[in-house]
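Convention: sequence-line order gives letters A, B, ...; per-chain numbering from 1.
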2 protein chains.
Amino acid sequence: MKCINLSSEEKLKEAAKSVFLRKGFAGTTARDIADAAGMNIALTNYYFRSKEKLFVEIFKDLFSLYCTNTVKILEKPIGLKEKIIEIIEEDYRMMKEEPTLVLFIMTEIHRDCENLLPELSKYKELLKGMFIDQIAEEVRKGSMRDIEVEHLMPIIIGSLQFVFVGKNMHMKMYSMSEGQFDNYTETHKNHVIGMVTNYLFQSA
Amino acid sequence: MKCINLSSEEKLKEAAKSVFLRKGFAGTTARDIADAAGMNIALTNYYFRSKEKLFVEIFKDLFSLYCTNTVKILEKPIGLKEKIIEIIEEDYRMMKEEPTLVLFIMTEIHRDCENLLPELSKYKELLKGMFIDQIAEEVRKGSMRDIEVEHLMPIIIGSLQFVFVGKNMHMKMYSMSEGQFDNYTETHKNHVIGMVTNYLFQSA
DNA sequence: TAAGATTTTAAATGTTTGTTTAAAATTTGT
DNA sequence: ACAAATTTTAAACAAACATTTAAAATCTTA
């Protein structure tokens, strides 16, 4: 009977997740991971076969963390304006909790798009579904600007995610501490909510 | 008399720039650079002392490419609305020419912020200057929403740069070819211009 | 064209990389 | 408590890494 000690495997995976998030796949060594976990160098391969297999497993988790909550909101039976505000608020919460996540996702998809593609396709379908119909309905009613979902999503989440993608740059550029950055992003989130709803539901 | 063959040095630097842009510092090997330049592996160290020194030199050029044109527009003696539209248009041109530039800049500043900081401080001052006064004046006149430059810049450039940062993700997510991505970004740019000017100059 | 300076090359440097091995330690099942 | 299975360890592995060396090739200049 296979009875893996989940504690060690999980500890290793959590350590690897933390290191990968900070340094990316190319910038992370097997020894970085072992050190972060306080475990022997051989255990990564014992539990996960290879650095890359461990990475792919972690990437899936993190891409899910990046998408799942947003997709859940997309499926909610609420009005579009309310929905968009909720998405921005949820996106903000997610990035506040894991500020390096978006840059990590973008960097790794850029590095190895084909290999990480399967993970992407799963969310491709979810993004559409009832959300597209809802947009079409609002546009038909004239209560919303005519816009495709491909443009809507980056308009909703782009500006705020960009602030986190460039966290270090913005902190240095505007001489901010961590605490000041928190205030900064919250204010920015409110600007984005105002700007986006203003643009999309101007006539309302 | 020191008389370096600029042709070889420049060829090597251009090749390195191309590889670094695509694979980043951590993902690029000395052999990648030599191969891309079609030159001997030892020449990187002959001309630039080390991989890192070559990288820093290239990063400076690319960060300048990222900032300079925008800063130039900031200093123009034109109205704020016109200025903001010009910045978006120029940003779009820059990213169309070098689509991986923004992700590269963000990734490398994240990786080694302290070492690349000096490059940043140079533009820190330029960003302020007369631009801040111009914003204050427009806000005072009531022709513009009250907003700080720290929030204004990401609001202007964030959404569009985000689309390029996530180029591969967006292409896969929405099943776009390179040509379709070009059309997509141009349309998105126009959305951003509309949304941003609408938000900032609503009363006008 | 010959001497000197510069550029390019192939080879080797010592590290660091991801991964494997085989033995030791620990846990599990009886 | 003992045998078997599992986990952990230290050591070693070849391959890849950035960099150096010293000789060969090329270019400069007088």
Side-chain angles (χ1 to χ4, degrees), chain A residues 1-62 104 107-108 111-112 114-116, chain B residues 1-62 104 107-108 111-112 114-116:
Chain A
M1 196 211 301
K2 203 167 187 179
C3 185
I4 292 170
N5 179 353
L6 285 178
S7 168
S8 270
E9 187 177 340
E10 282 288 309
K11 198 162 64 177
L12 193 56
K13 193 170 166 180
E14 284 307 308
K17 188 183 287 185
S18 158
V19 180
F20 278 140
L21 264 172
R22 188 156 30 89
K23 314 220 279 177
F25 179 77
T28 298
T29 73
R31 279 158 188 85
D32 288 337
I33 296 171
D35 289 353
M39 297 170 86
N40 188 277
I41 173 77
L43 288 177
T44 291
N45 294 74
Y46 177 73
Y47 284 112
F48 302 97
R49 311 259 317 274
S50 75
K51 175 193 166 189
E52 194 177 356
K53 283 191 173 62
L54 170 56
F55 175 81
V56 171
E57 212 170 291
I58 286 171
F59 180 86
K60 282 181 188 173
D61 295 347
L62 291 175
F104 169 84
T107 303
E108 300 305 332
R111 178 184 60 84
D112 192 11
E114 292 310 316
N115 196 30
L116 303 172
Chain B
M1 196 211 302
K2 203 167 188 181
C3 186
I4 292 170
N5 181 355
L6 284 178
S7 170
S8 272
E9 187 177 341
E10 282 288 309
K11 198 164 60 177
L12 192 57
K13 193 170 167 180
E14 284 307 308
K17 187 182 288 185
S18 158
V19 180
F20 278 140
L21 264 171
R22 188 156 30 90
K23 315 221 276 176
F25 179 77
T28 298
T29 72
R31 278 161 189 84
D32 288 337
I33 296 170
D35 289 353
M39 296 170 87
N40 188 278
I41 175 77
L43 288 178
T44 291
N45 294 72
Y46 176 74
Y47 283 112
F48 301 97
R49 309 259 317 275
S50 75
K51 176 192 165 189
E52 195 177 356
K53 283 190 173 62
L54 170 56
F55 175 81
V56 171
E57 211 169 292
I58 285 171
F59 180 86
K60 282 182 188 173
D61 294 348
L62 290 175
F104 169 84
T107 303
E108 300 305 333
R111 179 184 59 83
D112 191 12
E114 292 311 315
N115 196 28
L116 303 172

Check your understanding: For the atom pair CD (Glu57(B)) and CG (Leu62(B)), what is the distance rounded to the nearest 0.5 Å?
Key -> 11.5 Å
Exercise for review: Whole angstrom is fine here: how far is it from CG in Leu12(B) over to P in dT9(C)?
Suggested key: 11 Å
**Study point:** With sequence neighbours excluded, residues passing salt bridge (charged side-chain N to carboxylate O under 4.0 Å, His left out) with Glu14(B)
**Key:** Lys17(B)
Exercise for review: For Lys11(B) and dT8(C), give me the distance from atom NZ to atom C1', rounded to whole Å.
Suggested key: 11 Å
**Study point:** Integer-rounded Å distance: dA16(D) P and Asp35(B) CG
**Key:** 13 Å
Review point. With side chains defined as the heavy atoms from C-beta onward, is the minimum distance between Ile33(B) and Leu54(B) less than 4.5 Å?
Key: yes
Check your understanding: For DNA chain C, whose closest nucleotide is more 5', that of Asn40(A) or that of Met39(B)?
Key -> Met39(B)
Review point. Excluding sequence neighbours, so at least two apart, what forms side-chain contact (heavy atoms from CB on, under 4.5 Å) with Ala15(B)?
Key: Ala36(B), Ala37(B)
Exercise for review: Whole angstrom is fine here: how far is it from CG in Asn45(B) over to P in dA10(C)?
Suggested key: 16 Å
Practice item. Check side-chain contact (heavy atoms from CB on, under 4.5 Å) between Asn115(A) and all other residues, then give those that pass, not counting sequence neighbours. Key: Glu52(A), Val56(A), Asp112(A)
Review point. Of all residues at least two apart in sequence or in a different chain, which pass the side-chain contact (heavy atoms from CB on, under 4.5 Å) check with Asn40(B)?
Key: Ala42(B), Leu43(B)
Throw together a table of side-chain donor-acceptor distances under 3.5 angstrom for residues 20-28 of chain B, partners on residues two or more places apart or in other chains.
{"from": "Lys23(B)", "atom 1": "NZ", "to": "Asp32(B)", "atom 2": "OD2", "distance (Å)": "3.3"}
{"from": "Thr28(B)", "atom 1": "OG1", "to": "Gly24(B)", "atom 2": "O", "distance (Å)": "2.6"}

Practice item. State, yes or no, whether a side-chain contact exists between Asp61(B) and Lys13(B) at a heavy-atom distance under 4.5 Å. Key: yes
Exercise for review: Provide, to the nearest angstrom, the distance between the OH atom belonging to Tyr46(B) and the C1' atom belonging to dT26(D).
Suggested key: 11 Å
Practice item. Drop me the distance from Thr29(A)'s OG1 to Lys51(A)'s NZ, to the nearest 0.5 angstrom. Key: 7.0 Å
Review point. Taking the side chain of Ser8(B) as heavy atoms from C-beta outward, which of dT8(C), dT8(D), dT9(C) is closest to it?
Key: dT8(C)
Collect all protein-nucleotide pairs involving nucleotides 12-14 of chain D in which both atoms are nitrogen or oxygen and the distance is under 3.5 Å.
none

Review point. Of all heavy-atom pairs between Ala16(A) and Ile58(A), which one has the smallest distance, and what is that distance?
Key: CB-CD1, 3.5 Å
Review point. End-to-end bend of the helix from dT19(C)-dA12(D) to dT30(C)-dA1(D) (five-pair axes, 10° rounding)?
Key: 20°
Study note, to complete from the structure: Numerically ordered, the residues 17-30 of chain B set in heavy-atom contact under 4.0 Å with DNA chain D is Thr28(B), Thr29(B), Ala30(B)
Practice item. Round to a whole Å and report the spacing from CG of Asp32(A) to P of dT19(C). Key: 14 Å
Point to revise | Partner set under salt bridge (charged side-chain N to carboxylate O under 4.0 Å, His left out) for Asp35(B), not counting sequence neighbours | key: none
Practice item. Starting from C1' on dT20(C), measure out to OH on Tyr47(A) and report it in whole angstrom. Key: 17 Å
**Study point:** Gap between atom CG of Leu12(B) and atom OH of Tyr47(B) - 0.5 Å precision
**Key:** 8.0 Å
**Study point:** Sorted by number, the residues of residues 49-57 of chain A with heavy-atom contact under 4.0 Å to DNA chain D
**Key:** none
Point to revise | Glu108(B)/Arg111(B) ion pair, N-O < 4.0 Å | key: yes
Practice item. Sequence neighbours left out, what passes ring-ring contact (aromatic ring centres under 6.0 Å, His included) with Phe48(B)? Give chain and number order. Key: none
Point to revise | Residue Leu43(A), side-chain atoms from C-beta onward, closest of dT21(D), dT8(D), dT19(D) | key: dT8(D)
